[in-house]
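This report concerns only the one structure given below.
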Amino acid sequence: MAVRIHPTSDVAADAVIGDGTAIWLFCQVRPGAHIGKNCNLGKGVYIDNDVQIGDNVKIQNNVSVYHGVTLEDGVFAGPHVCFTNDMRPRAVNPDLSVKSADDWVVSKTLVKKGAGLGANSTIRCGITIGEWAMVGSGSVVTHDVPAYALVYGNPARIHGFVCACGEKLNKGEVKNGMVKAVCPECKATVDIPLTDWEKIE
Ligand SMILES: [Zn+2]
């Protein structure tokens, strides 16, 4: 399937865009970025230098994916999700001289396959969001999120675990330090470490 790029968008010549991906109005994709197949970039999306994005990723309007952020296959980033990449944000040095592009450290962020980030959530740099995790809208995520965890609030805390289908999982049998969690909707079962399950608030 063809790549679709709206004429108002600016895509670097050496960026790689997978088949079937659509890039809507007023997007910018910078050099070295790699976007997989069948992705959808809404209006006003910014993809920074060398950012890696998997297949089947949906990025809603006005999301900036900064250098150091990686989105694996099937990630959903809702409107206005805010990524960061600088743990010590300063425009200037202590003598008020302006910082150059080289005198700060990038902190990497990894969002693993299938994870969903709600609208306007803020993702602190340097963390990993586990596969199929779900972040509630408006949350501020300051720590790693386990796979399948449902987190929300500021700071975001674990309020349950969700199935790949999105439904909240019920606690089943506990065996060998693992919870056999069951989806009431699609009947799937997911093994969640008991140490993670006990973090539910
Ligand atoms: Zn399910």
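All values derive from a computational prediction rather than experimental measurement. Whatever order the structure lists them in is the order used to number ligands and atoms, beginning at 1.
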Inset, instruction - Decide salt bridge (charged side-chain N to carboxylate O under 4.0 Å, His left out) for K180 and E173; before the verdict, give the C-alpha distance in whole Å, the side-chain angles of both, and the deciding distance to 0.1 Å. - result: CA-CA 5 Å; K180 184 75 78 181; E173 187 188 5; over 6 Å; no
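For K99, the NZ atom is densely surrounded, since the number of other residues' heavy atoms within 6.0 Å is greater than 12.
For the pair L169 and W197, the tightest heavy-atom approach, listed with the atom from each and the gap, is O-CH2, 3.9 Å. When every heavy atom of G118 is checked against every heavy atom of V81, the shortest pair comes out as O-CG2, 3.4 Å.
Within the protein, the N, O or S atoms sitting under 2.8 Å from the Zn ion (ligand 1) are C163 SG, C165 SG, C183 SG, C186 SG.
Y46 and R30 share a donor-acceptor pair across their side chains, judged by distance under 3.5 Å alone.
Ring-plane geometry between H6 and F26 is classed as tilted, the angle between the planes lying from 30 to 60 degrees on a 0 to 90 degree scale.
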